[in-house]
Amino acid sequence: MAGAAPAKFQAALPGRAMIKRKRLIVNTAMLTGSSIVMSLISMSFQVWLAGRIGSAGIGLYQLVVSVSFLCTTFAISGIRFAATRLVSEEIGHERGWGITAAMRRCFAYSLLFGTAAMLILHRCAEPIGFLWIGDARTVQSLRIMAYAMPMVSLSSVMSGYFTACGRVWKPTLVHIFEQLLTIGLVAFFLMHSPSGDIEKNCSAVMLGTVCGDAVSLLMMLIFYLTDRSAHKAPAGQSIRLTSRMLKIALPLAVSAYARSALSTLEHLLVPRGLKAAGFSADRALSGYGVIQGMVMPILSFPACFLMAIAELIIPELTEAQVQGRHDEISKTVGSLLKKGFGYSLAVALLIFIFADRLGIAVYSSPDAGHFLRLLAPLIPVMYTDMVCDGCLKGLGQQLWSMGINILDALLGVLLVWKLLPAYALSGYIAIIYFNECLNFGLSIFRLSRVVKFKVLRR
């Protein structure tokens with residue numbers, strides 16, 4: 001009888017692996033489909049918004065988003081990935097009670113950092129707007145955006161939980177509804193905002209976004225409370241959940257702070273660098289807005305499929321690592337990289353060929369088409385790097401991933417500061433190429449040291 005249990009366990013593995021494979025396929029299809037829908041909605045809204053507030057307004061909006069991204073990073077402070085990792089580990093060890101205990105700690109952590117981020121952004125909106133951004137028209141938008149910080153932080157915990165549990169349809173449904181509601185609210189507020197007033201228009205967009213975040217949090221909480229009963233189990237011995245959570249979240253948070261601060265600084269320096277190159281204030285915002293607000297969404301849109309895989313592969317690789325399935329990890333990583341690179345090559349070719357038509361059809365902007373063609377060859381690097389990043393995080397290499405991103409952001413700041421005043425937008429394109437290639441090169445090198453894989457395997 002002593003040897004029967006292992007044999008029985010081994011016999012059950014193929015069936016379990018098949019179930020997990022089907023779940024991954026279904027979840028990937030679901031997340032990809034929803035991402036495509038949301039990206040189409042977002043792009044359509046971005047086109048409408050560009051026509052409503054102009055390229056200069058889009059540029060100002062992108063600057064506010066850059067600052068809010070930094071504050072959101074502080075509000076989340078690594079807790080989304082920590083929740084995914086902790087819950088995945090508890091599922092791998094089959095400790096249902098540990099999942100609930102882990103979530104309680106993650107909620108407390110997120111509420112603390114989310115509230116702190118709200119207070120800091122609201123109180124410091126004026127110095128940020130006047131001194132950092134250098135445009136007083138952003139102050140009101142920053143104050144409005146501050147109220148979203150606790151809501152985003154709490155929602156990220158529940159999103160991480162559902163990702164780990166393989167029930168991505170719940171946050172997916174919430175995000176689609178949130179996006180539609182946000183667009184409707186933004187359109188409503190913009191209708192009551194004076195045309196041509198960039199400051200009030202940007203504030204209207206932020207107000208609609210915050211209201212959408214509030215509804216999203218409420219829906220996510222309802223889904224989580226109804227799902228939590230699936231993990232009820234008698235409490236077991238202490239498994240150091242708090243220390244494990246902090247060990248994952250805090251180093252990741254510090255790394256994220258550095259990267260986000262540098263990335264935000266880089267974005268704030270771009271309009272200033274363009275003005276130093278001889279651009280007027282509105283022309284500098286317009287040039288920045290075309291690249292970041294128009295071209296980048298088109299380049300990112302076809303990556304929905306790979307972004308879904310990069311997110312869903314994290315808990316799968318974590319669970320396989322905990323259970324010691326190293327051969328499966330090697331095959332999975334090699335297959336993902338091969339398929340991701342092939343897909344990205346096809347996308348890059350299509351965008352390069354139809355760049356001018358896309359720029360005119362989507363934004364009625366020849367400049368957008370011009371920059372699309374310039375950046376299209378970078379797509380294979382960008383897309384494959386997404387897959388590398390997901391694999392590294394799934395294998396517990398999140399700090400290496402963040403370290404690479406920090407180096408990338410630091411070099412970006414230095415290059416923008418030095419090159420833009422001399423080379424303007426051409427220098428900015430060169431900086432984007434350099435940073436993306438460096439990030440990918442370091443990521444694939446680290447991944448090759450962690451797991452042995454063969455991309456050319458048939």
Side-chain angles (χ1 to χ4, degrees), residues 24-25 27-29 31-40 42-43 291-292 294-314 316-317 329-363 368-394 401 404-405 408 426 428-458:
L24 180 61
I25 293 172
N27 285 338
T28 301
L31 200 57
T32 301
S34 64
S35 296
I36 291 173
V37 171
M38 287 190 289
S39 296
L40 284 172
S42 178
M43 190 176 296
I291 294 176
Q292 289 296 329
M294 297 182 181
V295 173
M296 286 303 180
I298 293 180
L299 292 180
S300 301
F301 171 67
C304 297
F305 173 68
L306 294 180
M307 284 190 288
I309 291 180
E311 180 176 354
L312 293 173
I313 201 62
I314 293 175
E316 300 295 332
L317 290 178
I329 292 173
S330 297
K331 292 179 181 178
T332 300
V333 170
S335 177
L336 287 177
L337 290 174
K338 177 181 177 181
K339 293 174 181 176
F341 186 70
Y343 173 74
S344 63
L345 279 176
V347 172
L349 181 61
L350 288 174
I351 290 183
F352 184 84
I353 293 173
F354 297 106
D356 293 329
R357 296 182 185 180
L358 282 171
I360 296 296
V362 179
Y363 294 110
H370 170 69
F371 288 117
L372 270 174
R373 178 164 282 116
L374 287 178
L375 289 170
L378 194 57
I379 288 176
V381 174
M382 295 170 60
Y383 286 16
T384 311
D385 187 50
M386 293 178 190
V387 179
C388 283
D389 192 56
C391 292
L392 285 172
K393 289 179 179 177
S401 181
I404 292 169
N405 290 331
D408 170 18
S426 297
Y428 189 43
I429 296 295
I431 292 168
I432 293 174
Y433 264 90
F434 176 80
N435 283 0
E436 291 289 346
C437 291
L438 176 67
N439 197 313
F440 171 68
L442 293 175
S443 296
I444 196 71
F445 173 76
R446 180 58 189 173
L447 186 59
S448 68
R449 300 298 297 271
V450 175
V451 58
K452 302 300 180 184
F453 58 86
K454 293 182 179 179
V455 177
L456 299 179
R457 177 184 293 164
R458 291 184 179 273

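Predicted model only: the values in this text are computed from it and were never measured. The basis for the numbers below is simple: all heavy atoms, side chains too, and nothing from hydrogens, waters or symmetry mates.
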Please round to the nearest 0.5 Å and tell me the distance separating atom [atom1] of [X] and atom [atom2] of [Y].
X	Y	atom1	atom2	answer
Arg373	Leu358	CZ	CG	9.5 Å
Ile429	Leu378	CD1	CG	9.5 Å
Ile379	Leu299	CD1	CG	5.0 Å

[X] versus [Y], closest heavy-atom pair with distance:
X	Y	result
Thr384	Ser344	OG1-OG, 3.9 Å
Gly359	Leu372	N-CD1, 4.2 Å
Leu392	Ser443	CD1-O, 4.0 Å
Val381	Glu436	CG1-O, 3.4 Å
Ala368	Val295	O-CG2, 3.7 Å
His370	Asp356	N-OD1, 4.3 Å

Exam field: side chain [X] to backbone [Y], donor-acceptor pair closer than 3.5 Å:
X	Y	result
Ser300	Pro297	no
Tyr363	Met294	yes
Tyr343	Pro302	yes

Please tell me if the side chains of [X] and [Y] come closer than 4.5 Å, counting only heavy atoms from C-beta onward.
X	Y	value
Leu337	Ile444	yes
Phe371	Leu374	yes
Met296	Leu375	yes

- Message: I need the single residue from Asn435, Ile404, Asp385, Asp408 that forms a side chain to side chain contact (heavy atoms under 4.5 Å, CB included) with Phe440. Which is it?
- Response: Asp385

